[in-house]
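A note on names: the letters A, B, ... follow the listed sequences, proteins ahead of strands, and every chain is numbered from 1. On a predicted model such as this, the values are computed, not experimentally measured, just so you know.
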Amino acid sequence: MPMSVNVYDILKERGFIAQTTHEDEIREMLGKEPVTFYIGFDPTADSLHVGHFIQIMVMMHMQRAGHRPIALVGGGTAMVGDPSGRTDMRKMMTLDTIRHNAESFKKQLSRFLDFSEGKAIMVNNADWLLDLNYVEFLREIGVHFSVNRMLTAECFKSRLERGLSFLEFNYMLMQSYDFLMLYRKYNCKMQLGGDDQWSNILGGAELIRRVEGGSAYGMTFALLTTSEGKKMGKTEAGALWLDPAKTSPYDFYQYWRNVDDADVMKCLALLTFLPMDEVRRLGSLKDEKINEAKKVLAYEVTKLVHGQEEADKAKAAAEALFGGGGVGAEVPGSTISMDQFRENANIIDMLLLLGLIPSKGEGRRLIQQGGIYVNDERIDDIGHTLAEDDLKDGSLMIRKGKKVYHKVTVKG
RNA sequence: GGAGGAGUACCCAAGUGGCCAAAGGGGGCAGACUGUAAAUCUGUUAGCUCAGCUUUCGAUGGUUCAAAUCCAUCCUCCUCCA
C-alpha cells in the first residue's frame, strides 16, 4: 500500500498529538504498514458532540492513510463510568439508556468512516465485559495492576480529594482489558483518545506487553479548548451536538462563525481537511479580515458534519440575516397556525410559545433592556401586541439580542 | 461501628429569629463600543395577573406573631478513628 506522506506527520503538523508512548516507533510503524487502531466512545448521551468529533477526524485521517480504525462503543464501560477528569461521580445509567445511546452512536459514526469491506470495524465492549466472571477477571487482569501506581495517575488526583468509588476505580482495568481483547482479536496495536485518556491508554498498552509480550502503543490528542483553556463546544444549551435534531445545522454553523479570533487557526487545522498552507493563510488574517477565515471554518465543519446541502443552507441563512439582505427561506424558525398567532399576539406570549424565553419575567427584562425586535423594529413596550399587519407574506421575523433570529411563519 | 463537619438560587459562597427572594464572585442574558471576535463598561439573573402576590435555603414534622436561621426525625456527602 503506497503511503506518500506519513499520517503521523500530518497529525503532528495539524496539532492533534498531545502524548505518545513511543514517538519514533509509532511514526515508523504508521509509515510502513497498515495498522489497526481503536478509539473508544462511551455512550453517555444519545448523540456524539464536537469533543468526539476531534477523535473522528483523527480516525478519518488515519483511514485515508490506509490504516484500519476500530470504533469501540463503550456499552460496557458506560455501566461503570470513567472518573478521568471528573470531580464528581457520574450518574449511574440504566441498561436501556446505554443501549439506546450506543445505537445512536453507531449510526452517527457510520456517517464518517467507511465500514465497507472491513475497512473499519465497529465493536461494543458490552459484548465481552458484561459476561465477565469476577474472580477470573481479577486473576487474569487484576494481578497486573498496582494500586499504588494507579493512585499516582493524574486522572485520579482530583478524585482522591473528593472521593472515588471502587466502581469507578475499576474503569481503568476495564478499558485496559478492551485494548487487550482487540489486540487478540483484531491485532489492534494502537489505542488513541483524548488526552484525558492517557492513563487508561497506558494501562492497556502495558497490560498487553505483560500478558502477551506484544507491542502496543498509545497516542492522545489535545482536547478541544479555547485559547483561555476552557472546553470548547459548550453552549448555553449544553454541548454542541452532532445530531441535527439536538443542535441545528444553523446553530452549529453559527458556533464556528463566532469562535474567538485566537482559536480560528487551531480549529481549521483540527476540524477541516483544508491543506495546511491554506489553514495558515486564513489563520494569519488580522482584524476584520479574519471573518473570512471564520466563514470558511464554519462552512467546512458544517459540511463535514451535516453535509454540503445543510452547510449551504446554514451559510445562506447567515448571509441573509447578517448581510442585511432579504429574509431567505432557510432561516431558522417555526411555523404556527393563525389561531396560535391570534391567541399569542402579545409579544411576551409569542416569545414563550416560540421557546425564545424560558419565562415571562425573562421576556419583560429583554424588552425593557431593548433586546427584542420584530421585523427589525425594537419593541419597547412589554404589552406590545402583534397584528396581522406585521405579517409579510405570512411570516415575520423576531430577533432576540444581536444574533438570535427566529422566523415565524403563520399558516391557515 | 465510633467521633466530628457539611448540605443555601445555574455553579462557588455569605447569611445563625423579623430590615432575606437571600451579600459577594463566576457563569448566563440584554445594552453601549465593535468585526456576528476579544477586552471593557452598564443593566439584569425564582415564578406570576410585577410598586402586589405566590413558591424557594437537603427532606418531613414541630416551636414562634414571625424560621435559611431554633427543636425532632430522616436522607446525602466529607474528614478522622476502627
Participant: Identify, residue by residue, the members of residues 282-291 of chain A with a heavy atom below 4.0 Å from RNA chain B, and return them in order of residue number, or none.
Facilitator: A:Asp287, A:Glu288, A:Ile290, A:Asn291
Participant: Measure CH2/A:Trp256 against P/B:rU36 and give the value in whole Å, please.
Facilitator: 20 Å
Participant: Any idea which of B:rA37, B:rA30, B:rU36 is nearest the A:Arg257 side chain?
Facilitator: B:rU36
Participant: Calculate the interatomic distance between A:Asn346 atom CG and B:rC48 atom C1'; express it in whole Å.
Facilitator: 14 Å
Participant: Can you check the A:Asp260 CG to B:rG35 P distance for me, whole Å?
Facilitator: 17 Å
Participant: Looking for any heavy atom pair under 4.0 Å, which part of the strands does A:Arg378 touch: base, sugar-phosphate only, or nothing?
Facilitator: sugar-phosphate
Participant: Can you tell me how far P in B:rC19 sits from the matching atom in B:rG52, rounded to whole Å?
Facilitator: 15 Å
Participant: Go nucleotide by nucleotide along RNA chain B from the 5' end; which of A:Gly370 and A:Gln254 gets its closest nucleotide reached first?
Facilitator: A:Gly370
Participant: Between A:Arg399 (CZ) and B:rC29 (P), how many Å, whole number?
Facilitator: 16 Å
Participant: Please name all residues satisfying salt bridge (charged side-chain N to carboxylate O under 4.0 Å, His left out) with A:Asp131, sequence neighbours left out, ordered by chain then number.
Facilitator: none
Participant: Report all interatomic pairs (protein N or O, nucleotide N or O of nucleotides 44-47 of chain B) with separations under 3.5 Å.
Facilitator:
| unit_1 | atom_1 | unit_2 | atom_2 | d |
| --- | --- | --- | --- | --- |
| B:rU44 | O4' | A:Gln369 | NE2 | 3.1 |
| B:rU44 | O2' | A:Arg365 | NE | 2.7 |
| B:rG47 | OP1 | A:Ser359 | OG | 2.7 |

Participant: Rounded off to whole Å, could you give me the CD1-to-C1' distance for the A:Ile382 and B:rU49 pair?
Facilitator: 11 Å
Participant: Please state how far atom NZ in A:Lys402 lies from atom C1' in B:rA32, giving the value in whole angstrom units.
Facilitator: 8 Å
Participant: So which nucleotide from B:rA37, B:rU36, B:rC29 ends up closest to the side chain of A:Asp261?
Facilitator: B:rA37
Participant: Using heavy-atom distances to pick each residue's nearest nucleotide on RNA chain B, tell me which of A:Ile372 and A:Leu352 is more 5'.
Facilitator: A:Ile372
Participant: Mind checking the C1' distance from B:rU55 to B:rA21? Whole angstroms is fine.
Facilitator: 10 Å
Participant: What is the distance, rounded to the nearest whole Å, between atom CG of A:Leu297 and atom C1' of B:rA37?
Facilitator: 13 Å
